[in-house]
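Please read the structure below before turning to the comments.
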Amino acid sequence: LMTAKSLASKETVNGRCWFYSDDDDGISVYLNRELHAMNTVVAQLQTQFQDYLVSLYQQGFLDNQFTELRKLQDEGTPDFVAEVVSLFFDDCSKLINSMSRSLERPENVDFKQVDSGVHQLKGSSSSVGARRVKNVCISFKECCDVQNREGCLRCLQQVDYEYKMLKTKLQDLFNLEKQIVQAGGAIPQHFPSYTILRPDIRPCLDA
Amino acid sequence: KRTQNNPMGVVTESQFHVLAVDDSLFDRKMIERLLQKSSCQVTTVDSGSKALELLGLRESNESDDPNATSTSPEVEINLIITDYCMPGMTGYDLLKRVKESAAFRSIPVVIMSSENVPARISRCLEEGAEEFFLKPVKLADLTKLKPHMMKTKLKKESEKPAEEVKPEIEEEESPVIEILTLHQELESEQQEPMLSNNKRKAMEEAISTGRSRPKYNDITTSV
């Protein structure tokens, strides 16, 4: 029974919520309502996060290695995935630039340098779970092996497109994570396996 | 974790110390985190020569004595994990140097590579590498390392009083549909003291085709 007397008031001081009331009932009712509201917001965000993450797997942006990456993150290292991913995108940018320079003049292409760049990119995209980027690298390597400059240029363009696309997607994902944490919730840790979502594509046989 | 006695008689614990060698910053960050997550203390270096320096092995072959040490080692290393492809000294070269040294040959060495080259794998295993991991390395791969590190530790501490060592094998629930090797299935159930683990593993090794069998998951070998 909510009476004027039993209504509690809320105040946030130094990031902590304080509830004031004349009596215990008021506090508990208020708390329950607050918690319920918070839980609803958190639950909604968590579902949004989950759905978005699953869609990234379904659309082939990510594979199981991304799952492995997330396993490495914990309360002690809450930014690990973001840091590693950021390192990866920096690498992409650097390597694409240097490969672009190597491919610039048709009469003087340094295919060795390009090959080295592709090798590195393939390795790091594979470690991060960046499936589309990795797949482009596979084709890229083939063009490099037969010294096909035109093919290399096409692949270079594609790699550039794919990494930038993934960067945007993951930025959105990390933003959702932040919102969940800010709303006081926990980031969902369990999610379906990539192989269950896309049984037609088996990630580990790509290489 | 191993226990040590200090002068106060109070028992302290220390972790397994792994030396990780890789010329790629990205890969170093990855392997460091993987090892930390497996409860190991990690030191990373970016080259084979730095690894030798850290161990206290003189790198150059000025003297003919492969056992020469320039300084006493600052740290005790329980396992070396190294990338294969590195400029200058490759992982294979590093492996050879370690195994040629009387002081350090007992340290287990693991090789990592992003390329699945069967000849490379057998060459490394023949030279004395304990395991060969295909990149990207997973948490589940690292659970294979514990028995190797425990072997070294138990040997070194055989004079110390018997201790209870709790296995800290982190068996992460992998959502990937993987065909678990007999190895992993047994490991995922273990709660027993380490010694019987070693025995079990030794039995497994005997049953399987032996050390020369490449130990990597999920990759089809192209011949």
Side-chain angles (χ1 to χ4, degrees), chain A residues 53-54 57 63-77 79-92 94-95 116 118-131 134 137-138 141 189-199 202-207, chain B residues 20 22-42 44 46 83-87 91 112-118 120-121 133-143 169-181 216-222:
Chain A
L53 184 62
V54 163
Y57 282 77
D63 63 28
N64 276 323
Q65 190 52 33
F66 190 74
T67 314
E68 291 293 316
L69 211 67
R70 292 187 76 220
K71 282 189 204 173
L72 296 175
Q73 185 165 289
D74 54 32
E75 309 85 52
T77 55
D79 302 313
F80 176 71
V81 176
E83 280 169 12
V84 164
V85 153
S86 170
L87 252 179
F88 167 65
F89 291 138
D90 286 346
D91 267 2
C92 285
K94 265 184 272 185
L95 290 167
S116 158
V118 175
H119 178 82
Q120 282 183 70
L121 213 49
K122 180 165 178 264
S124 50
S125 60
S126 176
S127 293
V128 150
R131 187 177 159 273
K134 185 190 75 173
C137 288
I138 293 171
K141 177 148 180 29
Q189 289 304 317
H190 299 287
F191 42 88
S193 148
Y194 173 73
T195 50
I196 293 171
L197 296 172
R198 291 284 296 273
R202 313 229 255 119
C204 297
L205 299 181
D206 276 344
Chain B
D22 202 312
D23 61 312
S24 152
L25 169 64
F26 179 88
D27 288 340
R28 279 201 302 280
K29 197 166 167 78
M30 290 292 295
I31 194 68
E32 179 186 56
R33 187 66 203 122
L34 277 160
L35 287 164
Q36 282 169 348
K37 193 76 179 158
S38 308
S39 307
C40 296
Q41 194 192 338
V42 193
T44 59
D46 63 5
D83 188 26
Y84 183 92
C85 275
M86 295 188 292
M112 306 180 278
S113 176
S114 54
E115 287 163 319
N116 181 1
V117 180
R120 175 185 293 182
I121 296 170
F133 291 156
L134 269 171
K135 287 181 174 178
V137 178
K138 299 184 169 64
L139 260 178
D141 295 328
L142 295 189
T143 61
I169 300 194
E170 322 241 333
E171 191 58 41
E172 296 286 343
E173 254 284 295
S174 170
V176 175
I177 299 169
E178 261 185 278
I179 299 163
L180 290 179
T181 60
Y216 49 95
N217 302 326
D218 303 332
I219 308 290
T220 51
T221 311
S222 56

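Values in this document were obtained by computation on a predicted structure and should not be read as measured data. In what follows, chains carry the letters A, B, and so on, assigned in the order in which the sequence lines appear, proteins first and then strands, with residues in each chain numbered from 1.
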Looking only at non-hydrogen atoms, find the nearest pair between A82(A) and Q73(A) and report the distance. N-OE1, 4.4 Å
Greatest number of heavy atom pairs closer than 4.5 Å to chain B - which of V128(A), D90(A), L69(A), D74(A): D74(A)
Whether K71(A) and E68(A) form a salt bridge (side-chain N of Lys/Arg under 4.0 Å from carboxylate O of Asp/Glu) is what I want to check. yes
Can you tell which part of E115(B) gets under 4.5 Å to a heavy atom of chain A, answering side chain, backbone, both or neither? side chain
Distance-minimising heavy-atom pair for S113(B) and D83(B): CA-OD1, 4.2 Å
Side chains of L35(B) and L142(B): does their closest heavy-atom pair fall under 4.5 Å? yes
In terms of heavy-atom pairs under 4.5 Å with chain A, the winner among V137(B), L25(B), D27(B), L34(B) is L34(B)
Less than 4.5 Å to any heavy atom of chain A: does that hold for the side chain of S114(B), its backbone, both, or neither? side chain
